[in-house]
Amino acid sequence: MNTLVRPEDVARIGHSACPHDCPSTCALEIEVLDNLRIGRVRGAPDNSYTAGVICAKVARYAERHNHPDRLMTPLRRVGPKGSGEFAPISWDDALDLVAEKFLEAEKRYGAEAVWPYYYAGTMGLVMRDGIHRLRNVKNYSGFFSTICINPAWTGYIAGTGRLAGPDPREMGRSDVVVIWGTNPVNTQVNVMTHAVQSRKERGAKIVAVDVYMNGTMEQADLAVLVRPGTDGALACAVMHCLFRDGKADRDYLEQYTDHPREFEAHLKSRTPEWASKITGCPAETIEQFAKLVGQNPRTYFRLGYGFSRSRNGAVNMHAASCIAAVLGSWRYEGGGAFHSNSGIFHWDKSLIEGLDVRDAGVRQLDQSRIGAILDGDKDALFGGPPVTAILIQNTNPVSVAPDQTVVKRGFARDDLFVCVHEQFMTETAKMADIVLPATMFMEHDDVYQGGGQQHIILGPKLIDAPGECRSNHDVICALAKRVGAQHRGFDMTPREIIDWTLQKSGWGDIASLEANKWIDCQPPFERAHYIDGFNWPDKKFRFKPEWPKVPFTHPWEAGPVADIPAFPDHWGAIEEATPEHPFRLATSPAREFLNSTFNETASSRRRHGRPTVMIHPDDAATLNVADGIKVVLGNMRGEVRLFAKLYEGVRRGVLIAESIWPNDAYEDGKGINTLTGADPVAPFGGAAFHDNRVWIKPA
Ligand SMILES: Nc1nc2c(c(=O)[nH]1)N[C@H]1C(S)=C(S)[C@@H](COP(=O)(O)OP(=O)(O)OC[C@H]3O[C@@H](n4cnc5c(=O)[nH]c(N)nc54)[C@H](O)[C@@H]3O)O[C@H]1N2
Ligand SMILES: Nc1nc2c(c(=O)[nH]1)N[C@H]1C(S)=C(S)[C@@H](COP(=O)(O)OP(=O)(O)OC[C@H]3O[C@@H](n4cnc5c(=O)[nH]c(N)nc54)[C@H](O)[C@@H]3O)O[C@H]1N2
Ligand code: SF4
Ligand SMILES: [Mo]
């Protein structure tokens, strides 16, 4: 469709932000063709982080926006649950029915029987987080959003005390950029923009650490290929070499860290040979890695989410962040360890989320355990009432949540009422009683913040909503009226809420944001590099964290917290392979999909082919698995059928299934998360998507 648009057709360029769940949060320029259509989408050239670059799937957003399958009208279920048989219904009737069911659930079991469930399908603060206001006014069950960030954030904060780090643009001024457990070529393209700039301009080296030879690893000067869940061992061996070779910055350690000598003694036995046995990575590669960073303390460690999605993920994230402290990298521009800047924005979210009326005593249910919760697991429900009504916005748990068999069983319950507000008929929407059509980002006003960078960006309404689509805010306000929830936020427009929130948070107002398009919120060098000390009472980086006391907003502890090793180490809490389950499976993100988003567009599906699993040719040979044949993967949670792809770029005993395909792309409707576990990662929950033991055989 884009090719039909001639330059003279473009009525104007609208400014916006990419709303999707991606650390890059790109500043966008959108061709607005008329009041209903967009043309090409480009990265804003004048935004210093986006720098004119965005990923291919968002550049062709018109395909998703104008998709023939887009939901346009409210629907009610007319066939059995999950049958996909729906008939149109008016907005008023749909909302009345949802309200009636919510009030019924509340009357029967108390307000905690209603569970508003959401996630980051849009990252707009008003549209994503407004659902909390309804929850907080009504005392519906709380939502502990564990699925993505918890192991990573906890692991990073364990050392620094704060979720913030050196300006990500400094990657363009480093001597070495270490891209660890993130695959930016797929998941956040702008990291590559800045890292490659350093290589071009300063001859910087790029190191990548991953579990398969993906696009980022292929571009790296040094690719460190490890087995899933073994990064703690790698980090320890690198630090062992730094101490051994006199590359540790001893002045820095004495001034800025908690137990440097004890830590050095602990690392004595964590040799490259020791780590090689655990990681599968040759000791020489580990030595090479240590030598490179040892000679170049101006190293930027860009730590991703991927390597935290293991049962020992928080420990591994912390271990990797410790290398920057041993090297004293934090001292230098272009140096330090960065995971996310989400801690720099000091938002006042009381209006958006209704924090002023929040009752902290209400139970907080675990997002990742939605299967167990809907399936009536007493432990997951904290002994409280069942969930009998659920409202879902911006997420597709029947596809993306772990332990899919249990999730599906939960959604199939006859006494559960499900309302899904969506842009497409996702697997989750198919399980609904009521489906409501949602706007896309250019059809409503919102404000966005970066995670992998430091901007606040305005995303104003640029065109009208098609059909009968309504925004999340409209739906939440309309429901609030019907269930008797009162809060001034329900009577305000998104723009009024944005304006109030910016002012209360110290970020000016909506008029100035609109005039300037974005705000660069990067804290000054001294603070970002912790030159003024780390965020603990003694100001010292912690090699020895007090794990359960990491300052991260968490209503409860989870997993085997007491077993977490005191110092960075290889923690054997992962689903290690066994004779019955001899392989370790990671479900890494595919380039053309964004979680389950874009897997409805024909171009993404075409480019990505079909669901496959990568296996080392030597492993394949022992199992009579030929390239391209259909195979079954299985474990104690279920079985999945897909196609084998023989690939030298994985370690033996490791399998990679790039995701997330729709469940119906698999022969029997069982998606990849049939194999992943929902047992919470220590210490504060999360799902170990890349930590699965499985067997594999020809189908
Ligand atoms: N194209 C695309 N972009 C996306 C997404 C997507 O699905 N597709 N998802 C979005 C979301 S929600 C998020 S949170 C971010 C996440 O983006 P990232 O921070 O990149 O995290 P992951 O995507 O989980 O995994 C990144 C890499 O970690 C690797 N990995 C897995 N286990 C290990 C391990 O034990 N050790 C090491 N060293 N590496 C490991 C995986 O193979 C993968 O290549 O990306 C966002 N962007
Ligand atoms: N196997 C495996 N599973 C994974 C992962 C993995 O790496 N491997 N990654 C996990 C991670 S990190 C995450 S974050 C989760 C994310 O999983 P999801 O939360 O499901 O992710 P998305 O695909 O980003 O968004 C879901 C839906 O939001 C809808 N949406 C977008 N904007 C709006 C809006 O304005 N209003 C409404 N009502 N709906 C909207 C989209 O149409 C889309 O269907 O998946 C997790 N699942
Ligand atoms: S890289 Fe991420 S933030 Fe940027 S356009 Fe693509 S999905 Fe959106
Ligand atoms: Mo995520």
Side-chain angles (χ1 to χ4, degrees), residues 16-28 41-44 47 49-50 53-59 61 119-121 123 145 147-152 178-193 208-217 224-235 279 281 302-313 316-317 320 339-340 395 400 441 448 450-453 457 574 584-599 604 608 614 649-650 654 656-660 686-692:
S16 192
C18 176
H20 289 293
D21 191 359
C22 171
S24 275
T25 318
C26 293
L28 303 180
V41 178
R42 297 188 182 82
N47 179 283
Y49 188 73
T50 305
V53 180
I54 59 168
C55 64
K57 56 196 180 302
V58 170
Y61 210 83
Y119 206 54
M123 296 276 278
S145 61
I147 208 163
C148 176
I149 57 181
N150 284 28
V178 179
I179 300 176
W180 194 319
T182 172
N183 181 11
V185 164
N186 286 15
T187 61
Q188 41 170 336
V189 60
N190 309 77
V191 166
M192 296 313 286
T193 312
V209 185
D210 210 289
V211 295
Y212 73 120
M213 289 301 294
N214 55 33
T216 305
M217 292 280 273
V224 183
L225 184 63
V226 296
R227 292 197 191 107
T230 64
D231 302 80
L234 174 66
T279 58
C281 179
R302 181 63 181 80
L303 309 175
Y305 287 95
F307 78 112
S308 76
R309 305 199 199 290
S310 283
R311 287 169 182 75
N312 58 6
N316 292 347
M317 169 63 76
H339 171 60
S340 167
T395 185
V400 306
F441 70 103
Y448 303 83
Q453 42 116 333
I457 310 179
I574 49 176
R584 302 256 302 133
L585 168 75
T587 59
S588 315
R591 183 165 190 178
E592 305 296 338
F593 303 152
L594 201 152
N595 305 318
S596 67
T597 308
F598 297 97
N599 70 17
S604 284
H608 202 51
M614 299 176 206
V650 289
V654 176
I656 307 286
E658 288 188 340
S659 304
I660 304 175
F689 287 111
H690 306 325
D691 179 7
N692 312 286

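Keep in mind that this is a model prediction, so the values were computed, not measured. Ligands are counted one by one from 1 in listed order, and the atoms in each one are counted from 1 as well.
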**Item:** CE-CG distance between Met213 and Leu225, expressed to the nearest 0.5 angstrom
**Value:**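 Met213 CE to Leu225 CG: 7.0 Å, rounded to 0.5 Å.
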
**Prompt:** Between NZ of Lys57 and CZ of Arg591, what distance do you get to the nearest 0.5 Å?
**Reply:**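 It is 8.5 Å, given to the nearest 0.5 Å.
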
Closer than 3.5 angstrom, by distance alone: can the side chain of [X] be matched with the main-chain N or O of [Y] as a donor-acceptor pair?
| X | Y | value |
| --- | --- | --- |
| Glu658 | Ser588 | no |
| Asn312 | Ile574 | no |
| Asp231 | Asn316 | no |
| Ser16 | Leu28 | no |
| Asn186 | Pro589 | yes |
| Asn47 | Tyr49 | yes |

Which residue holds the protein heavy atom closest to [atom], what is that atom called, and what is the gap in Å?
| atom | result |
| --- | --- |
| atom 15 (C) of ligand 1 | Pro23 CD, 4.0 Å |
| atom 2 (Fe) of ligand 3 | Cys22 SG, 2.4 Å |
| atom 4 (Fe) of ligand 3 | Cys26 SG, 2.3 Å |
| atom 35 (O) of ligand 1 | Gly229 N, 2.7 Å |
| atom 8 (Fe) of ligand 3 | Cys18 SG, 2.3 Å |
| atom 33 (C) of ligand 1 | Val211 CG1, 3.5 Å |
| atom 8 (N) of ligand 1 | Phe593 O, 2.5 Å |
| atom 7 (S) of ligand 3 | Leu594 CD1, 3.5 Å |
| atom 44 (O) of ligand 1 | Asp210 OD2, 2.8 Å |
| atom 47 (N) of ligand 1 | Thr187 O, 3.0 Å |
| atom 31 (C) of ligand 1 | His690 CD2, 3.2 Å |
| atom 10 (C) of ligand 1 | Asp21 O, 3.0 Å |

With heavy-atom distances below 4.5 Å as the criterion, would you say the side chains of [X] and [Y] are in contact?
| X | Y | value |
| --- | --- | --- |
| Asn214 | Val185 | no |
| Phe307 | Val211 | no |
| Tyr305 | Met317 | no |
| Thr597 | His20 | yes |
| His690 | Thr587 | yes |

Can you name the closest pair of heavy atoms from [X] and [Y] and give their distance?
| X | Y | result |
| --- | --- | --- |
| Gln188 | Pro23 | OE1-CB, 3.3 Å |
| Phe593 | Ile660 | CD1-O, 3.6 Å |
| Thr50 | Gly43 | CG2-CA, 3.9 Å |
| Cys18 | Thr25 | O-CG2, 4.1 Å |
| Asp210 | Asn183 | OD2-CB, 4.5 Å |
| Asp21 | Leu594 | O-CD2, 3.6 Å |

**Item:** Residue portion contacting ligand 3 (non-hydrogen atoms closer than 4.0 Å) for Thr25
**Value:**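 It is the backbone that touches ligand 3; the side chain stays farther off.
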
**Message:** Quick check on atom 6 (Fe) of ligand 3: does Cys55 put an N/O/S atom closer than 2.8 Å to it?
**Reply:**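 Here the distance criterion (N, O or S atom, under 2.8 Å) is met by Cys55, so yes.
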
Of all the atoms in ligand 1, which lie at a distance below 4.0 Å from a heavy atom belonging to [X]?
| X | result |
| --- | --- |
| Arg309 | 14 (S), 16 (C), 24 (O) |
| Val209 | 38 (N) |
| Pro228 | 35 (O) |
| Pro589 | 6 (C), 7 (O), 8 (N), 22 (P), 23 (O), 25 (O) |
| Cys148 | 14 (S) |
| Asn186 | 1 (N), 2 (C), 3 (N) |
| Phe307 | 33 (C), 34 (C), 36 (N), 37 (C), 38 (N), 39 (N) |
| Ser588 | 41 (C), 42 (O), 43 (C) |

Is it the case that ligand 1 has an N or O less than 3.5 angstrom from some N or O of [X]?
| X | result |
| --- | --- |
| Asp231 | yes |
| Ala590 | yes |
| Ser659 | no |
| Thr182 | yes |
| Ile656 | no |

Mark up the atoms of ligand 3 that fall under 4.0 Å of a heavy atom belonging to [X], in ascending order.
| X | result |
| --- | --- |
| Val58 | 5 (S), 6 (Fe), 7 (S), 8 (Fe) |
| Val189 | 1 (S) |
| Ile54 | 5 (S) |

**Prompt:** What part of Ala120 sits under 4.0 Å from ligand 1 if we count only heavy atoms: the side chain, the backbone, both or neither?
**Reply:**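 Within the 4.0 Å criterion, Ala120 makes no contact with ligand 1.
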
**Mode of Asn183 contact toward ligand 1 - side chain, backbone, both, neither (heavy atoms, under 4.0 Å)** =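 Near ligand 1, Asn183 shows its backbone as well as its side chain.
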
**Asked** atom 19 (O) of ligand 1: which of Tyr119, Phe689, Tyr305 has the nearest heavy atom?
**Response**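 The residue whose heavy atom sits nearest atom 19 (O) of ligand 1 is Tyr305.
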
**Request:** Could you confirm whether His20 has any N/O/S atom lying under 2.8 Å from atom 8 (Fe) of ligand 3?
**Result:**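 So His20 does not bind atom 8 (Fe) of ligand 3 by this criterion.
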
**Under-4.0 Å salt bridge between Arg584 and Asp691** =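 Salt bridge between Arg584 and Asp691, a charged N being under 4.0 Å from a carboxylate O: yes.
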
**Asked** At a 4.0 Å cut-off, with the gap strictly under it, does some heavy atom of His20 reach an atom of ligand 1?
**Response**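 Contact absent.
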
